[in-house]
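These notes concern the structure reproduced below.
These numbers come from the heavy atoms of this one structure, side chains and all, not from hydrogens, waters or symmetry mates. FYI, the numbering just counts along the sequence from 1.
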Amino acid sequence: MFSRLRSDIQCILDRDPAARSTWEVITCYPGLHAVWLHRPAHWCWTHGFKWLGRFTSHIARWLTGIEIHPGAVLGERVFFDHAMGTVVGETAEIGDGCTIYQGVTLGGTSLYKGAKRHPTLGKDVVVSAGAKVLGGFEVGDGAKIGSNAVVIKPVPAGATAVGIPARIIPSKTGESADVTEAHPKFQAYGITQEDDPLSQAMRGLIDKTGSQEHQIALLWAAIEQLACEHRGDDCVPPDAAKEEHFEAEKLNQLVGK
């Protein structure tokens, strides 16, 4: 028991540069208090003392601002960072080493009692501020959920989910999509260096359109030259686009290039 308490404290010291001492973590971190209060609440829930479990979680919510249903399962070294307004549903499962920020909802979309309604987070998942993970699916190990994302489908291991509804940025060679170092460290708030896949698609369309306009202008110029050499008259229609007007650079800036 004491080794688990020590690991709870150490994971905060490892992931939060604002944590200066063990005493500060023990006395000033509501996320740690929420985890510690959840354990007796969960014990009561699993041993048939349903009301006592709910009441304990209610007290924990009042003290910490973090609502964890006593039926939820928490692994080791789970860190609720700030986490005011975070809600964890009854059938949610949070794996070892996960980090959850403020305003997160691990919610359910089903009204059937006894069904798996809430998500399962694998190991070392980061759920950023304001994200909503809704449904009884799995979020793979090492995945990251971007701030304010609304996730309604499974997220593969190592991938990053961003947007509303969430779009998946796949992992690279088995690592998370935001990994840029040979030996990646913990990334606060699940920050990714990759682009939103929708913006990637938009930039691809913009570049393709600009290239096509350039080719069309070249074709009209070639037709005009051939017509002058062989017939001496202009067979190019007056409305032919012989000059390029597509503002690819400006559009790329708008989508974030």
Taking the inter-plane angle between the rings of [X] and [Y] on a 0 to 90° scale, is it parallel (under 30°), tilted (30 to 60°) or perpendicular (over 60°)?
{"X": "Trp43", "Y": "His47", "value": "parallel"}
{"X": "His69", "Y": "Trp45", "value": "perpendicular"}
{"X": "Phe55", "Y": "Trp51", "value": "parallel"}

Query - No-hydrogen, no-angle side-chain donor-acceptor test under 3.5 Å, Tyr29 and Asp16 - result: yes
Query raised in the report: Side chains of Arg15 and Thr99: donor-acceptor distance under 3.5 Å anywhere?
Result: yes
Query - Neighbour count above 12 (heavy atom, 6.0 Å) for Glu138 CD - result: no
Query raised in the report: In this structure, are over 12 heavy atoms from other groups packed under 6.0 Å from Lys116 atom NZ?
Result: yes
Query - Set of side-chain hydrogen bond (donor to acceptor under 3.5 Å, both in side chains) partners for Arg77, sequence neighbours left out - result: none
Could you tell me if the side chain of [Y] sits less than 4.5 Å from the side chain of [X], heavy atoms only?
{"X": "Val155", "Y": "Ile145", "answer": "yes"}
{"X": "Leu13", "Y": "Thr22", "answer": "yes"}
{"X": "Val88", "Y": "Ile94", "answer": "yes"}
{"X": "Glu76", "Y": "Asp96", "answer": "yes"}
{"X": "Val35", "Y": "Leu74", "answer": "yes"}

Query raised in the report: Residues in side-chain contact (heavy atoms from CB on, under 4.5 Å) with Ala34, at least two apart?
Result: Thr64, Ile66, Ile68
Query - Under the salt bridge (Lys or Arg N to Asp or Glu O under 4.0 Å) test, residues paired with Lys50 that sit two or more places apart - result: none
